Amino acid sequence: MKVIVNVFLKEGVLDPQGKAAHHALDSLGFDGVKGVRIGKQIILDIDASDKAEAEAKVKEMSETLLANTVIEDYTIEIA
């Protein structure tokens with residue numbers, strides 16, 4: 001089963017990569033960009049009998065390793 005985990009900084013946590021990308025977009029003439037936040041996407045191919053089992057496994061993986069839950073949030077998409 002294919003599972004996608006999107007990890008991104010929580011609101012209020014400084015995002016220096018996002019700030020640099022925002023500045024670069026402004027410098028390149030892309031108007032109207034009010035903010036940029038940069039995250040990461042992790043794609044897993046796991047064995048699971050159903051979506052509930054897949055979500056439970058990936059939630060545990062995310063809480064344990066894939067996301068730093070002190071400063072990051074994450075979403076799980078099951079394809």
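A quick note: this is a predicted structure, and the numbers were derived from the prediction, not measured. Values below: every heavy atom of this structure, side chains too, minus hydrogens, waters and symmetry copies.
D15 approaches G18 most closely through the heavy-atom pair OD1-N, 2.9 Å. The shortest heavy-atom contact between V33 and H22 is O-NE2, 2.7 Å. Here the closest non-hydrogen pair linking R37 and K10 is NH2-O, 2.9 Å. The shortest heavy-atom contact between Q41 and N6 is NE2-OD1, 3.0 Å.
A 6.0 Å sphere centred on CG of D47 holds no more than 12 heavy atoms belonging to other residues, nucleotides or ligands. Around atom CG of L14, no more than 12 heavy atoms belonging to other residues, nucleotides or ligands sit under 6.0 Å away.
Using a 4.5 Å heavy-atom threshold, the side chains of M1 and I78 count as touching. At a threshold of 4.5 Å between non-hydrogen side-chain atoms, the residues I46 and M61 count as touching. Counting heavy atoms from C-beta outward, I71 and L9 have side chains that approach closer than 4.5 Å.
With salt bridges taken as basic N to acidic carboxylate O contacts below 4.0 Å, one links E53 and K57.
A distance of 5.5 Å separates OH in Y74 from NZ in K59, rounded to the nearest 0.5 Å. Taking CD from E77 and CD from E55, the interatomic distance works out to 11.5 Å, rounded to the nearest 0.5 Å.
Judged by distance alone, the side chain of E72 and the main-chain N or O of N68 form a donor-acceptor pair under 3.5 Å.
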**Request:** Evaluate side chain to side chain contact (heavy atoms under 4.5 Å, CB included) for T75 paired with F8, printing each intermediate quantity in order.
**Result:** CA-CA 9 Å; T75 60; F8 44 92; 4.0 Å; yes
**Item:** CA sep, side-chain torsions, deciding dist, call: V3, I43, side chain to side chain contact (heavy atoms under 4.5 Å, CB included)
**Value:** CA-CA 6 Å; V3 182; I43 301 169; over 6 Å; no
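Residues F30 and I38 are members of one and the same hydrophobic cluster, defined by side-chain heavy-atom contacts under 4.5 angstrom among Ile, Leu, Val, Met, Phe, Trp and Tyr.
Remark: of the listed residues I42, I4, L44, L44 is the sole one forming a side chain to side chain contact (heavy atoms under 4.5 Å, CB included) with V58.
Of the N and O atoms on the side chains of T64 and E60, not one donor lies less than 3.5 Å from an acceptor on the other residue.
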